[in-house]
Amino acid sequence: MRPIVPRLLALSLAAAFSAHAATNPPPTPKHEVSDTLGGQPRPDAYRWLENPDGEGVAQWIEAQNAYTEATIGKAPLGKELSARIRELAITSTTRSSPELAGGTLFYFENTPPQPQPVLVAKAWPDGPVRTLVDLNKGDGNTAITEYWPSPSGRYLAYGTAEGGSELTTIHILDTQTGKALPDSLAWAGGGTTPQALAWDADEKGMTYARFDAPAKGKELREFDAYLAHHVIGNGQDKDTVVFGKGYSPIAEYILLEGEGGKATALLANEGDGGPAEVFLRQGNGAFKKVLGHEADVRSAHWVGDRLYVVTFAGAPRGKVIAFDASGKQSDVLAQGDGAIQRVTPIGNGFIVVRSAGPDWWADQYDSKAGFVRRLPLPATGITIGGIAAEKGQDKALITYGGWTTPTHWAEYDGTSGSLKTVFEVKPAADYSKVHVTRIDGTSKDGTKIPVTVISMDGITPNGKRPTILYSYGGFDIPVTPSFIGPNLAWLERGGVLAYANIRGGNEYGEQWHEQGQGTRKQNVFDDFYAASQALVDTKWTDTKHLGILGGSNGGLLMGASLTQHPEQFRAVVAMVGIYDIARHETAFANGPYNRSEYGSVKDPEIAKAMRAYGPLYNVKKGTAYPSVLFTTGANDPRVAPWQSRKFAAALQDASSSGNPILLLTRMNAGHGIGAPFSQRVGNAALSMTFFANELGLGE
């Protein structure tokens with residue numbers, strides 16, 4: 001909804017905007033506010049842009065959108081790239097997120113340009129496919145956020161959210177009849193708090209994460225999530241609290257259903273990025289804590305009737321311990337080569353997925369944790385995704401893909417060690433001539449940073465290749481070899497893509513993550529700069545042809561990189577990013593959830609570090625900044641869209657280079673999760689067109 005603005009102000013703003021729309025960014029008034037951060041003054045001339053309902057803000061957003069669209073519209077390769085990107089995005093049907101329950105395989109299926117994936121099921125392994133949930137009959141802006149089959153596969157709970165908001169409502173389906181049950185569970189997490197659900201053993205009810213309903217006429221307060229129990233057929237008002245009231249205002253939960261729902265594990269976090277506490281319960285009893293934060297737990301999985309927990313305490317690459325349903329602990333697997341990403345059952349043993357930088361692999365172990373074999377997957381260039389398996393079954397469904405390998409599903413036989421492809425996405429073009437190279441950068445403290453360089457055969461370093469460097473650097477999230485898909489359009493025209501494994505992710509384990517948190521966040525930015533310099537030193541490109549790309553926490557990375565090293569980059573695309581890091585915590589609902597990653601501004605040392613690296617605080621008047629394209633979504637629940645508004649305004653005012661500083665706000669979008677096909681393609685085309693124009697692609 002748009003605010004009502006006094007007519008005089010609206011007319012004056014419209015006149016000012018129209019006068020500048022052709023060649024200059026819209027003017028942004030300054031209303032000085034000042035406080036302190038890290039013991040230093042922090043002026044904030046654009047705080048008025050934080051309120052979307054404030055005077056002139058809607059008009060300012062419209063004017064920025066118009067300026068961006070007009071500027072991008074002049075790019076000579078725009079239509080050609082957009083058409084090619086859409087063509088490359090229309091692959092054969094894709095599949096994702098497989099789960100096995102009661103001999104039934106559930107998964108998402110999507111046939112581009114279908115807006116949203118469809119939730120389907122089939123008897124494993126060779127039954128016919130049945131459509132269970134299809135939300136594509138509307139405008140495509142309602143997405144399935146998650147799903148949870150009951151232990152026998154008879155029922156299916158699934159969440160939906162609209163317009164990128166991620167605020168979830170859970171629905172229940174009878175998979176045998178295909179009929180929806182009347183149950184509707186609102187306020188079931190999303191955005192700040194992930195959805196969580198575990199079925200009862202008798203399938204008559206479930207435990208799920210939720211917020212309290214907002215008071216009449218009030219907005220939802222996305223804090224104090226807790227676990228409630230729902231009985232099928234009852235109204236939500238009859239649900240009972242089973243855990244979490246008073247646990248933490250920034251609680252996040254993962255529920256893990258044991259065999260047949262007879263036991264349930266709970267991983268409880270205080271915000272994002274930190275370790276979990278582990279709780280267990282038998283049946284519908286009370287949850288009892290078996291591990292605290294000191295165990296540094298990041299993931300767990302039931303293997304038969306024991307919960308296998310990955311702990312990083314004293315083991316920076318991870319080790320595995322186990323609990324039976326009563327809470328008795330035992331050691332399973334010591335730390336080994338590679339960081340543990342996940343553990344999954346197979347037969348009477350288990351599979352461990354590991355990584356080291358951009359390399360991923362999987363090892364099989366027997367019931368006594370004896371090594372059986374390494375799975376026969378490609379040795380480099382892939383990521384291992386979901387693994388669907390059930391206790392006692394010697395076969396598992398392994399999903400994987402890589403830079404030049406679209407999604408593959410393979411049936412792995414744990415007895416023979418054979419791997420048989422059962423499904424693969426057919427790409428829209430030939431990727432066999434794409435070449436992958438590995439180089440290293442050296443960060444400020446001497447740490448080696450792997451950089452994967454991707455080009456077409458025959459494209460060799462000449463010192464000026466138009467190059468896009470991507471990374472993320474936070475929240476334990478690795479940069480993985482994922483299918484380049486529509487990015488082939490960049491490579492076909494002589495461009496180069498590069499991906500850096502910087503600290504803040506977990507590619508090398510939890511220590512790699514921790515070295516990019518809190519007061520050590522500067523390591524992340526130093527690593528990224530080192531990766532960019534490695535591309536220059538190896539003659540792939542130069543600073544006039546180097547662009548950088550990142551989103552969310554990666555948007556913070558973009559902001560810090562361009563303010564710390566404005567001379568290093570020619571163009572920047574920063575998506576849904578954080579730039580006023582202190583206000584992210586204090587003036588936005590999701591901010592407190594990120595304290596475990598960034599630290600709290602209330603800590604003097606953290607405040608000092610934030611003041612030093614925070615992008616908005618380090619914009620300097622008269623600096624020749626690179627070209628920048630900001631994108632954000634008006635409904636983003638994870639990062640406030642005003643972050644992009646304020647930083648864009650500051651750079652537009654300060655830059656002396658004459659390079660465009662652009663901002664595009666999508667009004668019916670969020671953080672990008674659950675975005676429909678057209679929006680995903682549009683975002684890719686926008687970024688690539690911007691980079692092509694700024695970096696001289698094809699010249």
Side-chain angles (χ1 to χ4, degrees), residues 75-92 94 112 358 378 380-383 401-407 425-439 450-471 479-501 531-532 534-536 538-551 554 569-573 575 629 680-699:
L77 284 178
K79 290 183 179 179
E80 182 181 337
L81 283 171
S82 296
R84 182 56 172 159
I85 287 169
R86 191 176 193 280
E87 181 181 38
L88 291 169
I90 300 179
T91 64
S92 67
T94 65
T380 61
I382 66 156
T383 307
W403 303 121
T404 60
T405 305
T407 299
V425 174
K426 303 296 183 185
D430 180 10
Y431 289 78
S432 65
K433 296 181 180 180
V434 174
H435 186 71
V436 180
T437 305
R438 188 84 55 82
I439 62 174
V451 183
T452 301
V453 182
I454 302 177
S455 61
M456 297 298 288
D457 284 346
I459 298 296
T460 56
N462 68 357
K464 55 181 181 180
R465 300 286 184 195
T467 300
I468 303 171
L469 173 64
Y470 171 85
S471 199
V479 172
T480 62
S482 56
F483 184 51
I484 60 172
N487 288 330
L488 183 66
W490 182 263
L491 303 181
E492 290 172 331
R493 290 162 177 78
V496 173
L497 300 171
Y499 300 83
N501 294 107
S532 73
L535 291 167
V536 174
T538 54
K539 305 299 182 183
W540 278 104
T541 192
D542 60 15
T543 58
K544 295 179 181 179
H545 296 87
L546 178 58
I548 56 175
L549 170 69
F569 315 109
R570 178 62 181 80
V572 182
V573 173
M575 305 170 291
L629 170 62
R680 298 194 303 271
V681 169
N683 286 341
L686 177 72
S687 297
M688 195 175 296
T689 298
F690 175 77
F691 277 130
N693 194 54
E694 298 301 322
L695 303 182
L697 184 69
E699 292 180 358

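A quick note: this is a predicted structure, and the numbers were derived from the prediction, not measured. Scope of the values below: all heavy atoms of this structure, side chains included, with no hydrogens, waters or symmetry mates.
Judged purely by atom type and a 3.5 angstrom limit, Asn693 has no side-chain atom pairing as donor or acceptor with the backbone of Pro76. Checked by atom type and distance alone, the side chain of Thr541 pairs as donor or acceptor with a backbone atom of Arg465 at under 3.5 Å. Between the side chain of Asp542 and the backbone N or O of His545, at least one donor-acceptor pair lies under 3.5 Å. Using modelled atom types, no side-chain atom of Tyr499 and backbone atom of Pro450 make a donor-acceptor pair closer than 3.5 Å. Distance alone, capped at 3.5 Å, is enough to place a donor-acceptor pair between the Trp490 side chain and the Val496 backbone. Without hydrogens or angle criteria, Ser471 side chain to Ala500 main chain gives a donor-acceptor distance under 3.5 Å.
Contact annotation: the side chain of Ile85 approaches that of Val681 to within less than 4.5 Å [non-hydrogen atoms, C-beta and beyond]. A heavy-atom distance below 4.5 Å is not found between the side chains of Thr460 and Lys539. Inter-residue side-chain proximity for Ile439 and Leu535 is flagged as met; some heavy-atom pair is nearer than 4.5 Å. Between Met688 and Arg84 there is no side-chain heavy-atom pair separated by less than 4.5 Å. Using a 4.5 Å cut-off on side-chain heavy atoms (C-beta onward), Pro481 and Ile382 make no contact.
Between Ala531 and Val451, the shortest heavy-atom distance links the atoms CB-CG2, 3.6 Å. Listed here is the closest heavy atom pair of Leu77 and Leu697: CD1-O, 3.7 Å. Closest approach of Pro486 to Tyr431, counting heavy atoms only: N-OH, 4.3 Å. Heavy atoms only, all atoms of each residue included: Gly494 and Pro466 are closest at O-CD, 4.3 Å. Of all heavy-atom pairs spanning Thr467 and Leu695, the tightest one is O-CD1, 3.6 Å. Taking both residues in full, the closest heavy atoms of Leu549 and Tyr470 are given as O-CD1, 3.2 Å, listed atom of the first, atom of the second, then distance.
Considering CE of Met456 and NZ of Lys433, their distance stands at 7.0 Å, rounded to 0.5 Å. Within the model, atoms OG1 of Thr689 and NZ of Lys79 stand 12.0 Å from one another, a figure rounded to the nearest 0.5 Å. In this structure, CZ in Arg493 is found 10.5 Å from CG in Leu491, a value given to the nearest 0.5 Å. Expressed to the nearest 0.5 Å, how far CZ of Phe483 lies from OG1 of Thr91 amounts to 8.0 Å. The CG atom of Leu81 lies 11.5 Å from the CG atom of Leu686; values are rounded to the nearest 0.5 Å. Here CD1 of Ile454 is found 8.5 Å from CG of Asn487. Values are rounded to the nearest 0.5 Å.
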Let's go through Trp403 and Thr452 carefully: what are the C-alpha distance in whole Å and the side-chain angles of both, what is the deciding distance for side-chain contact (heavy atoms from CB on, under 4.5 Å) to 0.1 Å, and is it a yes or a no? CA-CA 10 Å; Trp403 303 121; Thr452 301; 3.7 Å; yes

Show your working on side-chain contact (heavy atoms from CB on, under 4.5 Å) between Thr407 and Val425 and close with a plain yes or no. CA-CA 6 Å; Thr407 299; Val425 174; 3.9 Å; yes

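Legend: residues meeting side chain to side chain donor-acceptor pair (under 3.5 Å) with Arg438, ordered by chain and number and at least two apart, are Asp359. Evaluation of the side-chain contact (heavy atoms from CB on, under 4.5 Å) rule for Ser687 yields Val573 as partners, not counting sequence neighbours. Residues forming a side chain to side chain donor-acceptor pair (under 3.5 Å) with Ser532 (at least two apart in sequence, or on another chain): Gln568.
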